[in-house]
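The first residue in the sequence is number 1, and the count goes up from there.
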Amino acid sequence: MLFLGGLGRSGTTLVERLLGELPGMCALGEVVHLWQRDLRDDERCGCGSRFSGCTFWRRVGDLAFNGWTNVDVARVHALRDAVERTRHIPRLATAGAASPEVREYASYYARVYAAAAEVAGARVVIDSSKHSSLAHVLRWADDVDLRVVHVVRDARGVAYSWTKKVTRPETDGADEMTRYSPGRSALLWNAHNAAFGLLARRGVPVRRIRYEEFLTDPRAGLIHLADFAGVKLHPEDLEFLRNGHADLRVGHSAAGNPMRFTVGRLPLRRDDAWVRALPSGQRRLVGAVCGPLLRAYGYPLNITSEA
């Protein structure tokens with residue numbers, strides 16, 4: 001199972017959509033939100049249907065739980081609140097055995113992954129939930145071969161993206177995605193990215209990619225990630241990649257960025273609008289807060305060298 005991790009607005013949905021086009025891989029979207037947004041709120045699958053009307057997810061639920069109605073969503077939420085929080089990461093990262101609650105919570109995800117793999121006929125399923133705390137929980141899941149792709153984007157680009165107003169299509173325009181101030185997103189960027197470094201030190205296979213480099217050569221990036229997932233590609237497997245865009249099929253993403261609804265042509269270009277649009281004071285603030293990790297990931301602190 002490939003878990004795509006990092007702070008939101010770092011490019012994980014794009015990476016997931018491209019990986020989902022590869023043979024033997026099935027992209028599930030942000031499974032962490034499945035319990036509320038799909039089971040309770042019946043929001044739209046990436047295919048456009050309501051979750052309850054999606055044949056793929058109905059088959060997954062039948063196989064994993066003998067029907068979604070057998071899932072105690074309140075129990076899942078209670079377990080999440082007890083174990084899946086950033087403040088719990090130090091405890092989750094200890095070398096000792098996990099608590100029964102951690103293992104129970106992880107088991108819900110393991111059952112979804114196994115059922116989805118069987119329904120899709122896939123060797124690899126992809127969960128783009130991003131949450132570092134969930135990745136640490138899944139370390140304790142039984143029968144899950146966890147491999148983590150840590151997606152990093154320049155903190156200043158992430159901060160600018162979090163200030164944008166983005167409508168959530170799955171709610172038919174009723175809701176917008178969460179927004180954060182640059183200062184808040186900078187703190188979250190530090191915390192989540194550092195947590196994935198800790199996960200690697202606990203023996204979980206973690207492959208870090210930079211969003212900017214991935215988009216410079218997505219073909220090479222996908223070959224690199226497929227190898228990490230244990231999937232050997234052939235030249236024809238990448239024919240959906242064109243000059244400057246990708247041709248995407250319908251997917252069954254449970255939740256995530258609005259890009260998950262894109263079918264057909266998806267432009268592949270870096271979004272560097274932040275270089276011009278993020279006010280200089282906010283750029284300096286984010287650069288100061290995130291400076292050590294920006295340097296560690298190879299990002300220059302001098303904005304003019306990036307423009």
Side-chain angles (χ1 to χ4, degrees), residues 3-16 30 32-33 80 84-94 128-137 139 148-166 176-202 204 206-216 256-257 259 269-307:
F3 184 92
L4 301 190
L7 183 61
R9 313 296 177 91
S10 294
T12 52
T13 302
L14 183 146
V15 174
E16 181 195 32
E30 299 177 7
V32 70
H33 296 303
R80 177 201 62 195
E84 196 231 307
R85 289 288 184 266
T86 303
R87 64 179 179 271
H88 297 319
I89 287 177
R91 185 171 66 221
L92 292 167
T94 59
S128 62
S129 289
K130 296 190 287 293
H131 295 188
S132 53
S133 51
L134 178 56
H136 278 269
V137 166
R139 170 182 171 231
V148 174
V149 178
H150 178 198
V151 183
V152 175
R153 183 184 179 191
D154 191 306
R156 293 155 293 195
V158 173
Y160 174 65
S161 185
W162 276 112
T163 66
K164 296 179 181 179
K165 294 181 67 172
V166 180
E176 294 180 349
M177 296 182 70
T178 302
R179 286 190 286 167
Y180 293 130
S181 69
R184 174 65 173 162
S185 71
L187 293 173
L188 292 171
W189 189 90
N190 275 343
H192 283 282
N193 288 318
F196 284 105
L198 177 59
L199 192 68
R201 291 195 293 274
R202 291 297 177 264
V204 175
V206 176
R207 183 68 53 90
R208 182 186 304 132
I209 64 171
R210 296 199 315 180
Y211 158 83
E212 297 84 358
E213 287 184 350
F214 182 84
L215 276 180
T216 298
N257 185 288
M259 185 187 294
R269 59 175 181 269
R270 285 174 48 166
D271 180 4
D272 289 331
W274 66 270
V275 175
R276 300 172 300 278
L278 188 65
S280 59
Q282 294 179 358
R283 289 202 307 269
R284 288 193 296 270
L285 170 65
V286 176
V289 173
C290 301
L293 277 182
L294 283 170
R295 292 190 192 94
Y297 298 151
Y299 289 105
L301 297 186
N302 185 348
I303 298 296
T304 59
S305 67
E306 298 173 296

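Applying the side chain to side chain donor-acceptor pair (under 3.5 Å) criterion to Arg207, with sequence neighbours excluded, gives His224. Applying the side-chain contact (heavy atoms from CB on, under 4.5 Å) test to Ser161 and every residue at least two apart in sequence or in another chain returns Arg9, Arg153. Ser10 meets the side chain to side chain donor-acceptor pair (under 3.5 Å) test with no other residue; sequence neighbours excluded. Looking at residues two or more places apart in sequence or on another chain, you find a side chain to side chain donor-acceptor pair (under 3.5 Å) between Glu30 and His33, Lys130. Evaluation of the salt bridge (charged side-chain N to carboxylate O under 4.0 Å, His left out) rule for Arg184 yields no partner, not counting sequence neighbours. Not counting sequence neighbours, the partners of Thr86 by the side-chain contact (heavy atoms from CB on, under 4.5 Å) test are Ile89, His192. With sequence neighbours excluded, no residue forms a ring pair (Phe, Tyr, Trp, His ring centres under 6.0 Å) with Phe214. In terms of the salt bridge (charged side-chain N to carboxylate O under 4.0 Å, His left out) criterion, Arg80 has no residue partners (sequence neighbours excluded). Residues satisfying the side chain to side chain donor-acceptor pair (under 3.5 Å) criterion with Ser133, sequence neighbours excluded, are Glu84.
Across all non-hydrogen atoms, the minimal contact from Arg179 to Thr163 is CD-O, 3.4 Å. Closest heavy-atom contact between Leu7 and Ser185: CD2-O, 3.6 Å. Taking every heavy atom of both residues into account, Leu301 and Arg156 meet most closely at O-NH1, 3.3 Å.
Annotation: cation-pi geometry satisfied between Arg210 and Tyr299 (NZ/CZ under 6.0 angstrom from ring centroid, within 45° of ring axis).
Taken from OH in Tyr180 to CG in Leu187, the straight-line distance is 11.5 Å, to the nearest 0.5 Å. Distance check: Arg202 CZ to His136 NE2 gives 8.5 Å after rounding to the nearest 0.5 Å.
The closest side-chain heavy-atom distance from Thr12 to Tyr211 is not below 4.5 Å. Residues Leu134 and Phe3 have side chains in contact (heavy-atom distance under 4.5 Å, counting atoms from C-beta outward). Residues Leu14 and Leu215 have side chains in contact (heavy-atom distance under 4.5 Å, counting atoms from C-beta outward). Inter-residue side-chain proximity for Phe196 and Arg208 is flagged as unmet; no heavy-atom pair is nearer than 4.5 Å.
In this structure, a donor-acceptor pair under 3.5 Å is present between the side chains of Arg91 and His88.
Formation of a donor-acceptor pair under 3.5 Å by the Ser129 side chain with backbone atoms of Val32 is found in this model.
With respect to Arg270 and Asp154, no salt bridge is recorded, no charged nitrogen being found less than 4.0 Å from a carboxylate O.
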Show which side-chain atoms of residues 275-290 pair as donor or acceptor with protein atoms under 3.5 Å away, not counting sequence neighbours.
from   : atom 1 : to     : atom 2 : distance (Å)
Arg283 : NH1    : Val275 : O      : 3.4
Arg283 : NH1    : Leu278 : O      : 2.7

